[in-house]
Amino acid sequence: MPRPAPTRTAASFLPALAATALLLTACGTERAGAGTTEPPARTQVDDPGEDGVRITSLTLPPASPSPTRSYLVSAESLATDSGVVASYEVTNEGAESMTYSVVLTFMSGDGGAVTNRTATVRDVAPGKTVRGTVRAGVLPPTAPRVTQVEVLEVAKVPASEAAAEPGVCPASGIRVSADKGDAAMGLRVVGLHLDNCGTRDYTVEGYPLLELLDDGLRPVDGVEILDGSREITTGAGADEQPRPVTLRPGESATAGLVWRNTTESGTPVNVPYVRIRAKAGADPVTVAPDLDLGTTGKLGVRPWEKAERRADPAKPPAEGRPADGFR
């Protein structure tokens, strides 16, 4: 299940990715006459699916502007919702409850990506099917008309190890997540975040404990996990010295994963999932940072250090961090 590097843009998702493109044409004919509009057209889709996820239909607005379209009001301006809605279903064919992160890409008639949207589907029991919808949302006025949608990526982790959803504090009082990461000149950096959303102080010391996992959530061998990032690069700033970090309720700490995707002789190694424990004995959280390690065989881990901002369990994560820590 190949996936792109942690930093993603809509334009970078190429048709070569393993996903089934679904070309959809809205039904009906534009009627002549002032003020006459067509209702949205819903097209059923025969999609074989990917990893238990398939698109069942795509709803498209009329080709001409319609006064019935909904309007979203922001503090800056009035923006019109595109009216494009994809329906999907997720079937858990495994033996344990799973939480899914599904990326859909909405495309124009020539296959170019217009926008990507992510749906998190939680706690899908074995043998069960969960259905939902994803809206393309507000699109730029110059964006081409959406006529296609495809499942771009599917990631799934055990429901018991999925990061807590926004505004929810786990029973442990500790919330662990990973951000979207940064990539430049072959250097990759993904931040790990530890929030004390509970009612008691929480202390960590040193480095987060990691398990590298493949597509089947099995251990990945042959990768050296290094304390610190100095053997990977000096361009990401100096590492803090490991020390005890005590978080009062509402405080946060950060750590980081640092690697290069250099590919020379040998077989490149990709690690789609990482199981994280804040410290020995802590509950595990599995995230999907997509570590494209190339042939380096090394992953640097930065120690926990206290963050400046305070965590508020009643508010969603800050901009730049994923809503559920899954990606």
Atom [atom1] in [X], atom [atom2] in [Y]: separation rounded to 0.5 Å?
X: N196; Y: Y202; atom1: CG; atom2: OH; value: 9.0 Å
X: E205; Y: T203; atom1: CD; atom2: OG1; value: 9.0 Å
X: L247; Y: R200; atom1: CG; atom2: CZ; value: 15.5 Å
X: R218; Y: L212; atom1: CZ; atom2: CG; value: 14.5 Å
X: L213; Y: E161; atom1: CG; atom2: CD; value: 8.0 Å
X: R42; Y: T59; atom1: CZ; atom2: OG1; value: 5.5 Å

Specify the closest pair of heavy atoms between [X] and [Y], including all atoms of both residues, with the distance to one decimal.
X: D227; Y: R230; result: O-NH1, 3.6 Å
X: A164; Y: R122; result: C-NH2, 3.8 Å
X: D290; Y: W259; result: O-CZ2, 4.0 Å
X: L60; Y: T147; result: CD1-CA, 4.3 Å
X: V134; Y: F106; result: O-CZ, 3.7 Å
X: T105; Y: L152; result: CG2-CB, 4.2 Å

If hydrophobic clusters are built from ILVMFWY residues whose side chains come within less than 4.5 Å, do V204 and L209 share one?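 In one cluster with V204: L209, no.
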Same apolar cluster (I L V M F W Y, side chains within < 4.5 Å links), V287/V190: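 Per the 4.5 Å side-chain linkage, V287 and V190 are co-clustered.
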With side chain to side chain contact (heavy atoms under 4.5 Å, CB included) as the test, would you mind laying out the steps for D123 and T99 before giving the verdict? CA-CA 5 Å; D123 301 315; T99 289; 4.2 Å; yes
Check for a donor-acceptor pair, side chain of [X] on one end and backbone N or O of [Y] on the other, with a separation under 3.5 Å.
X: S229; Y: R302; result: no
X: Q148; Y: G109; result: yes
X: D195; Y: C197; result: no
X: N261; Y: D292; result: no

Between the side chains of T263 and T295, is a donor N or O closer than 3.5 angstrom to an acceptor N or O?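 On atom types as modelled, these side chains do not qualify, holding no pair under 3.5 Å.
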Could you tell me if S177 and R175 have a donor-acceptor pair between their side chains, going purely by distance under 3.5 Å?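 There is no such pair between these side chains.
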Start with the C-alpha distance between Y88 and V151, add both sets of side-chain angles, then the distance that settles side chain to side chain contact (heavy atoms under 4.5 Å, CB included), and finish with yes or no. CA-CA 9 Å; Y88 66 86; V151 177; over 6 Å; no
Is there a side-chain contact between L139 and V146 (heavy atoms, below 4.5 Å)?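 In contact.
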Flag side-chain contact, heavy atom, 4.5 Å: D201 against P249: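 Side-chain contact under 4.5 Å: yes.
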[X] and side chain to side chain contact (heavy atoms under 4.5 Å, CB included): which partner among [options]?
X: V220; options: V274, D214, N270, D215; value: D214
X: V53; options: T91, L104, V154, V103; value: V154
X: L257; options: V189, I232, L210; value: L210

Does CD belonging to Q241 count more than 12 external heavy atoms closer than 6.0 Å?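 No, CD of Q241 has 12 or fewer neighbouring heavy atoms, counting only those of other groups under 6.0 Å.
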Can you name the residues that form a side chain to side chain contact (heavy atoms under 4.5 Å, CB included) with S97, not counting sequence neighbours?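 Checked S97 against side chain to side chain contact (heavy atoms under 4.5 Å, CB included); matches are A125, P126, A159.
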Under the side chain to side chain contact (heavy atoms under 4.5 Å, CB included) rule, what do L192 and V176 come out as? Steps first, then yes or no, please. CA-CA 7 Å; L192 304 181; V176 176; 5.8 Å; no
Begin with the C-alpha distance, continue with both residues' side-chain angles, and end with the deciding distance and a verdict on side chain to side chain contact (heavy atoms under 4.5 Å, CB included) for D51 and K156. CA-CA 9 Å; D51 207 6; K156 57 184 180 181; 3.1 Å; yes
